Amino acid sequence: MPELPDLEVFRQYFDATGLHQRIQQVEVREPRLLEEITTDRFRTAVTGHQFEETRRHGKYLFGILENETAVIFHFGMTGFLQYYQDPEMEPDHVRVLFTFESGYNLAYDNMRMLGKVGYTNDPESYIRNQDLGPDVFNLEYDEFEQLLGKKRGMLKSAFMDQNTMAGLGNIYTDELLFHAGFHPKMQVTDLTKDQIHLLFDTMREVLRTAIDEKVNPERFPPGYLLGHREEGEECPKCGRGRIQKIKVSSRSTYFCPAHQGEGMKDEG
DNA sequence: AGTACCACCTGACGGC
DNA sequence: TGCCGTCAGGTGGTAC
């Protein structure tokens with residue numbers, strides 16, 4: 001699931017469960033997931049410390065320890081956190097497990113192992129080194145306009161590029177373009193200033209809604225694409241078109257040809 | 001610089 | 001029931 005809204009919910013979850021407790025034990029069940037650090041060094045760095053706060057940048061989450069160093073979490077496509085006491089409650093694919101003195105556990109679960117867990121002395125420089133663009137949810141309009149102004153290519157590719165701005169993935173880029181009414185293949189360079197404004201406002205709205213509703217599709221207001229990503233389904237927004245599935249930059253892309261014609265010469 | 005493709009992984013699902 | 005291809009909300013490398 002993990003795109004910006006999911007990450008924000010993970011962060012809130014972490015804040016509500018994993019802070020201000022001494023870490024008694026760290027279990028690395030899949031060393032392959034560790035980024036540029038050995039299991040031994042990771043365990044030594046973290047054991048005996050405690051998480052004091054969290055920070056999120058795009059799709060990265062940082063658990064900041066009291067000594068200002070940080071554990072880095074990236075969730076790939078299937079990662080999530082789970083906090084529990086009873087071992088019976090342990091999820092199926094725990095890759096890294098933090099056990100607190102209280103006896104509670106914070107598990108990093110990731111079935112497909114496409115994510116990573118790391119450790120850094122300085123989250124800010126880590127973000128720089130990853131070449132991540134600014135977080136899309138902590139972005140002023142002026143900067144947004146400036147960043148898009150430097151891009152070429154298709155809208156969908158531009159928004160999914162984490163080096164331009166960080167946080168949107170396949171699902172929420174589709175959702176954004178769905179609500180703003182733009183074809184995913186529209187060229188960024190064809191956007192007018194008004195359209196960039198519309199994209200910015202729509203992006204904030206979509207992300208805000210997703211976070212507020214805890215990324216649960218059933219809680220989303222009517223008219224959202226999420227939960228209706230199915231070819232041929234009646235468009236939940238305009239009711240006129242049927243949802244179409246295409247590939248854009250080799251990712252499955254769902255859109256409504258009836259109300260997302262904006263920016264395309266031909267018709268869908 | 002943008003795009004298309006491959007690779008990294010595991011699991012679910014549909015067709016035969 | 002079993003096998004097989006395809007697909008999945010991410011990212012990094014490579015080649016054109």
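Keep in mind the model is a prediction, meaning the values are calculated, not measured. Order of the sequence lines fixes the chain letters, A, B, ..., with proteins taken first and strands second; residue numbering starts at 1 for each chain.
- If you measure from atom CZ of A:Arg112 to atom P of B:dC9, you get 12 Å, rounded to the nearest angstrom.
- Rounded to whole Å, the P atom of C:dT6 lies 14 Å from the corresponding atom of B:dC5.
- At least one side-chain nitrogen or oxygen of A:Lys245 sits closer than 4.0 Å to the OP1 or OP2 atom of C:dA8.
- A:Asp6 comes within 4.0 angstrom of a nucleotide base, judged by non-hydrogen atoms across all strands.
- Taking NE2 of A:His228 as the reference point, atom NZ of A:Lys237 lies at 12.5 Å (rounded to 0.5 Å).
- Comparing atom distances between the A:Met77 side chain and each of C:dT11, C:dA8, B:dC9 picks out C:dA8 as nearest.
- Residue A:Thr17 holds its OG1 atom at 11.0 Å from OH of A:Tyr104, rounded to the nearest 0.5 Å.
- Between A:His74 and C:dG10 there is no side-chain N or O to OP1 or OP2 distance below 4.0 Å.
- For A:Arg152, taking side-chain heavy atoms from C-beta onward, the closest of the listed nucleotides B:dC8, C:dG12, B:dA1 is B:dA1.
- When rounded to the nearest whole Å, the span between OH of A:Tyr108 and P of B:dC9 equals 14 Å.
- Contact annotation: A:Gln130 reaches the phosphate of C:dG12 (side-chain N/O to OP1 or OP2, under 4.0 Å).
- The side chain of A:Met111 lies closest to B:dG11, out of B:dC9, B:dG11, C:dG9.
- The distance between atom CD of A:Glu8 and atom C1' of C:dG9, rounded to the nearest whole Å, is 17 Å.
- Contact check, A:Lys185 against B:dG2: no side-chain N or O comes under 4.0 Å of OP1 or OP2.
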Let me see the working for A:Asp194 and A:Thr192 under side-chain hydrogen bond (donor to acceptor under 3.5 Å, both in side chains), right down to the final yes or no. CA-CA 5 Å; A:Asp194 283 351; A:Thr192 65; 5.4 Å; no
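- Note: CD (A:Glu35) to P (C:dT11) measures 12 Å, nearest angstrom.
- Put simply, CG on A:Leu114 is 12 Å from C1' on C:dG12, counting in whole angstrom units.
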Taking it one step at a time, do A:Glu205 and A:His179 satisfy side-chain contact (heavy atoms from CB on, under 4.5 Å)? CA-CA 10 Å; A:Glu205 165 73 22; A:His179 289 285; over 6 Å; no
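- Of all nucleotides listed (B:dT10, C:dG9, C:dG12), C:dG9 comes nearest to the side chain of A:Arg251.
- Distance, A:Leu207 CG to C:dG9 P: 17 Å, rounded to whole Å.
- As a whole-Å value, the separation of A:Ile72 CD1 from C:dT11 P is 15 Å.
- Contact between the side-chain N/O atoms of A:Thr78 and the OP1/OP2 oxygens of B:dC9 is not found at any separation under 4.0 Å.
- Remark: B:dC9 base-pairs with no nucleotide in the shown strands. Criterion, Watson-Crick or G-U wobble with two distances under 3.5 Å.
- C:dG5 sits 15 Å from B:dC6 when the P atoms are compared, rounded to a whole Å.
- The shortest distance between the side-chain N/O atoms of A:Lys151 and the OP1/OP2 oxygens of B:dG2 is below 4.0 Å.
- When each of A:Asp161 and A:Ser250 is assigned the nucleotide of DNA chain B bearing its nearest heavy atom, the one mapping closer to the 5' terminus is A:Asp161.
- Between A:Lys59 and C:dT11, a side-chain N or O to OP1/OP2 separation shorter than 4.0 Å is present.
- Rounded to an integer number of Å, the gap from A:Tyr60 OH to C:dG10 P is 12 Å.
- We find the CD-CD distance between A:Gln50 and A:Gln24 to be 13.0 Å, quoted to the nearest 0.5 Å.
- Contact check on A:Glu36 versus A:Lys116 returns no salt bridge, with no Lys/Arg side-chain nitrogen under 4.0 Å from an Asp/Glu carboxylate oxygen.
- A close approach under 4.0 Å does occur between a side-chain nitrogen or oxygen of A:Ser157 and OP1 or OP2 of B:dT3.
- Listed for the A:Glu66 side chain is no donor-acceptor partner under 3.5 Å among the backbone atoms of A:Glu52.
- Here A:Lys150 lies out of heavy-atom contact (under 4.0 Å) with every strand.
- Between A:Ser252 and A:Asn163, the one whose closest nucleotide on DNA chain C sits nearer the 5' end is A:Ser252.
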